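Before any comments, here is the structure.
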Amino acid sequence: MTILDKIIAFKKTEVAKIKAEVPVSKLVKSPNFKNDPFSLKKSLLKAGSTGIIAEFKRKSPSKGIINDTSTIIEVTNGYLDANVAAQSILTDTNFFGGTMADLLQARTVNQQIPILRKDFIVDGFQIVEAKAIGADVILLIAACLTKQELKNYGQLANDLGLEVLYEIHTQEDLDKISDLDNKIIGINNRNLKTFEVDLEHSINLAGQIPDTAIKVSESGISDPRIITGLKEHGFQGFLIGENFMKTKNPGESCKEFIAQIR
């Protein structure tokens with residue numbers, strides 16, 4: 001059983017419990033549900049965009065504790081000050097130490113750029129939940145969903161006004177996504193089954209994605225020069241978390257990083 005298999009099995013049980021306790025009608029009545037979501041596409045494509053999707057992550061299955069001292073408010077303010085294109089927040093508790101409260105808190109501070117709810121979506125309920133906690137974008141991981149689920153969940157997100165970051169790691173993952181035109185496609189450089197990182201992966205798969213899609217490179221980006229190289233292969237977005245979060249001041253680290261890619 002891979003780490004991903006364990007995460008998905010746990011997530012399905014967790015979501016089933018939450019669904020039994022929280023009716024969808026309650027989520028729909030939440031104040032954030034009325035928000036007009038911020039567009040990740042527009043943020044990544046606008047003139048002068050840094051392209052950086054900066055992540056708040058306390059821990060991971062592969063690295064253990066990354067940062068358990070920086071608060072979500074401090075980091076959100078730091079990322080906004082660094083002029084990131086978007087913010088990503090882990091809401092998985094068991095494996096990544098995140099909570100939905102983190103995203104709710106970040107939304108109170110961040111009223112100007114998109115927030116991605118980074119989690120393992122296995123049920124449409126979580127998409128409604130994402131809107132209720134103030135997210136603008138959800139993550140759909142092709143490796144743990146069927147072709148039909150990707151289509152159905154993507155449609156549900158769009159119906160709710162949310163955008164979708166479709167995450168792939170292999171050609172097989174990419175083949176599951178119907179009609180790539182105008183979609184946001186994230187290539188994860190980290191193999192979710194082994195957690196090994198290979199940046200060449202993004203470059204190899206990028207050629208299979210049409211220019212009409214928006215390409216995002218995820219994981220393992222630790223040097224501003226890597227961004228320059230990825231841009232040459234058509235990437236417009238760069239999801240970075242650990243590189244900032246492993247420092248004492250993630251916001252300041254992000255600011256310094258961005259200053260070197262401009």
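Here, residue 1 is the first one in the sequence, and each next residue gets the next number. Note that the structure is a prediction, hence the values are computed from the model and not measured.
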Return yes when atom CG of D36 has more than 12 non-hydrogen atoms of other residues, nucleotides or ligands closer than 6.0 Å, and no otherwise. no

When you look at N249 and T247, which way does the side-chain hydrogen bond (donor to acceptor under 3.5 Å, both in side chains) test go after all the steps? CA-CA 5 Å; N249 188 331; T247 65; over 6 Å; no

Qualifying residue for side-chain hydrogen bond (donor to acceptor under 3.5 Å, both in side chains) with R107, from D136, N35, T76, D102: D136

Within 45 degrees of the axis of the six-membered ring of F33 and under 6.0 Å from its centre: does K131 put its NZ or CZ there? yes

With distance as the sole criterion, is a donor-acceptor pair present between the side chains of N189 and S217 under 3.5 Å? yes

Around E172, counting heavy atoms of other residues, nucleotides and ligands shown, do more than 12 lie under 6.0 Å from its CD? no

Is it the case that more than 12 heavy atoms not belonging to D211 sit under 6.0 Å from its CG atom? no

Is the shortest heavy-atom distance from the side chain of N110 to the side chain of Q87 under 4.5 Å? yes

I'd like to know whether NZ of K41 has more than 12 heavy-atom contacts from other residues, nucleotides or ligands below 6.0 angstrom. yes

S219: partners by side chain to side chain donor-acceptor pair (under 3.5 Å), with sequence neighbours left out: N188, R190

Salt bridge or not between K59 and D68? Use side-chain N to carboxylate O under 4.0 Å. no

Verify the cluster assignment for F38 and L103: are they in a single hydrophobic cluster under the rule of side-chain heavy atoms below 4.5 Å apart? no

So F244 and V75, do their side chains get closer than 4.5 Å, heavy atoms only? no

Are F257 and F238 close enough that some pair of their side-chain heavy atoms sits under 4.5 Å apart? no

Given I185 and I177, is the side chain to side chain contact (heavy atoms under 4.5 Å, CB included) satisfied, shown in steps? CA-CA 9 Å; I185 309 295; I177 302 166; 4.2 Å; yes

